Amino acid sequence: MKIAPPSVWRIKDSLYNLIAAKCEDCGNITFPYQQICSKCGSTNVKSIKLSGEGTLIDYTVSYQAREGFEKVLPMYVGIIRLDEGFTIVAPLTDVNESNIKEGIRVKATLRKLRSDSSNGLIVYGVKFRPAEGQ
Amino acid sequence: MMVEVRVVGSSMYKIDRHYNLGLRDLAVAVVQELKSKLKEFVKPDVVLVANAYGEAVNHQLVLAGKLATYLGLTSTALRVEAGDGSGGSAIFTAYSLLKAGIAKTALILGVEKLSDYPSKYLNEALSYNLDEEYSYQSGLVPHVYAALLMKAYMKKYNVDYSYFANWSIAMHSNAVENPYAYLRFPANMNAIISSQVIAEPLRLFDIGARGDGAAAVYLATDEISSKISDEYSKIEYVTGSSSDIDFVPGLPAVRSIGLEAKDLLKQAELAEIHDSYSIMAALQLEELGLAEYGKSLKSLDSLIPINYSGGLKARGYPGGATGVYQLAEVHQQLVGEFKGKRVSGAERGFVLSTDDLSRSAYLVYVRR
């Protein structure tokens, strides 16, 4: 067993729900959630659920994968500016050369990330796809 | 009285795919060579091992203690890990222990094996550099961050891919002369711009050449150094900084070091930086204030000598041992021992040791 259930279960807020931290003092947003603001060190931090909607600033197509991710090659990865003003680097899905371009609207969607084996534990998580109408 | 921390000896093993050598073999070989260069090998008070991927690719823990034992040393042994910046963090630690009077001598041993496994397995280990909760889980690899930084840089400064090829050409040219370098052949623009795309626009020639290697540096206080060697350089300053990257693009951790050590950096006559990717070389040179933003890689000839070793690109990239190689190279340049391309008469140089994406950075400033 390579994937331990507790190790995935405890980060469900990051993997499924895009829960981030917003600093009440300086306004900085960090994802995944953390109790202390990386920018100003404040503990006056609240958890917020990111909308999952944003704009694709730029992207790359990767031709090298880690073990367990071979099936997603070529892997599209984007820098996404979420509507809250936070920038995230995340895998893209449902994209190909013809429907991807900088500046399109994208939306978070839950997808399979990897699995332990053909009948093992499956890890799901957020990827981003083009928003409807793109 | 202020303690002076001196580099009294160093040695390196040629970086390569050493399928017949393990961590232990590499460590013994490089320390034996170091011993042969010293007047007397005083048993070090502390052994610091710089190694990043020992658990992931060699299935080893307690590596420092084991290596010390294999070397016939009973010294206090610590492994210091900061990913590819392990070397810099080990030097920082050794310097601090000597300055504090806790130790008078320190053997810093960098050792790493990256060539046993094919890329997809090694990429798994390299991805441990990313944040655990999202980036690692979602299947990302560090290459994609380098590629995205590169695209941001190309847009901001309106440069094309050939701009980055300048770095590979310079590094390969330097490595030809370095007997410890992995890729000792020149590279031309055509070979570089037609090399394999790893993550657009990042190509094979933009990435440090992973290999196996070991390097050793012996530090001693001024009180004891003459017993060990007559030749030395001194570590004048060390500092470090931590911060995430931004896609402006920029490296805030390196920028912070550049501001803190501004006056010293201005006086430096040579440097070894951590060019895990050609984009990282560009950003580091600019954030340290050595080159103008957006112009570093087309003005290499007008900068101080950078990476005469050949850098990670062509000397090779031995993971967490890299920073120890860098210090050995700068020291050997300053005392006139370096066997590759030489900077003659230089008195001041520095090492910038970082993790692969320069989120943890260490500066080691050395003076003749």
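Protein chains get the first letters and strands the later ones, always in sequence-line order, with residue 1 at the start of each. These numbers were taken from a predicted model, which means no experiment stands behind them. Note: hydrogens, waters and symmetry copies are ignored here, and every other heavy atom, side chains too, is used.
For Ala361(B), the side chain to side chain contact (heavy atoms under 4.5 Å, CB included) criterion is met by Ala253(B), Val254(B), Ile257(B), Leu352(B), Thr354(B), not counting sequence neighbours. Ala20(A) is linked by a side chain to side chain contact (heavy atoms under 4.5 Å, CB included) to Ile29(A), Phe31(A), Ile48(A), Leu50(A), counting only residues two or more places apart in sequence or in another chain. Asn158(B) meets the side chain to side chain contact (heavy atoms under 4.5 Å, CB included) test with no other residue; sequence neighbours excluded.
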Pairs of donor and acceptor atoms under 3.5 Å between chain B and chain A, please, with atom names and distances.
| residue | atom | partner | partner atom | Å |
| --- | --- | --- | --- | --- |
| Lys120(B) | O | Glu67(A) | N | 3.2 |
| Lys120(B) | NZ | Glu70(A) | OE2 | 3.0 |
| Asn123(B) | ND2 | Gln64(A) | OE1 | 2.9 |
| Glu124(B) | OE1 | Arg66(A) | NE | 3.2 |
| Glu133(B) | OE1 | Ser14(A) | OG | 2.6 |
| Tyr134(B) | OH | Val126(A) | O | 2.6 |
| Tyr136(B) | O | Arg66(A) | NH1 | 2.9 |
| Tyr136(B) | O | Arg66(A) | NH2 | 3.0 |
| Gln137(B) | OE1 | Arg114(A) | NH2 | 3.1 |
| Leu140(B) | O | Arg66(A) | NH1 | 2.9 |
| His143(B) | NE2 | Gln64(A) | OE1 | 3.4 |
| Lys151(B) | NZ | Asp58(A) | OD1 | 3.1 |
| Lys151(B) | NZ | Tyr59(A) | O | 2.7 |
| Lys155(B) | NZ | Ile57(A) | O | 3.4 |
| Lys155(B) | NZ | Asp58(A) | OD2 | 3.1 |
| Lys155(B) | NZ | Glu102(A) | OE1 | 3.1 |
| Ile198(B) | O | Tyr63(A) | N | 2.7 |
| Glu200(B) | N | Thr60(A) | OG1 | 3.3 |
| Glu200(B) | N | Val61(A) | O | 3.0 |
| Glu200(B) | O | Thr60(A) | OG1 | 2.5 |
| Glu200(B) | OE2 | Tyr63(A) | OH | 3.1 |

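Other residues, nucleotides and ligands contribute more than 12 heavy atoms inside 6.0 Å of the CG atom of Leu110(A).
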Verdict with supporting geometry, Phe69(A) and Val141(B), side chain to side chain contact (heavy atoms under 4.5 Å, CB included) = CA-CA 11 Å; Phe69(A) 290 90; Val141(B) 290; over 6 Å; no
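Your options are Leu15(A), Val89(A), Val126(A), Leu113(A), and the one with the most heavy-atom pairs under 4.5 Å with chain B is Val89(A).
Contacts of Val77(A) with chain B are made by both backbone and side-chain atoms, with heavy-atom separations under 4.5 Å.
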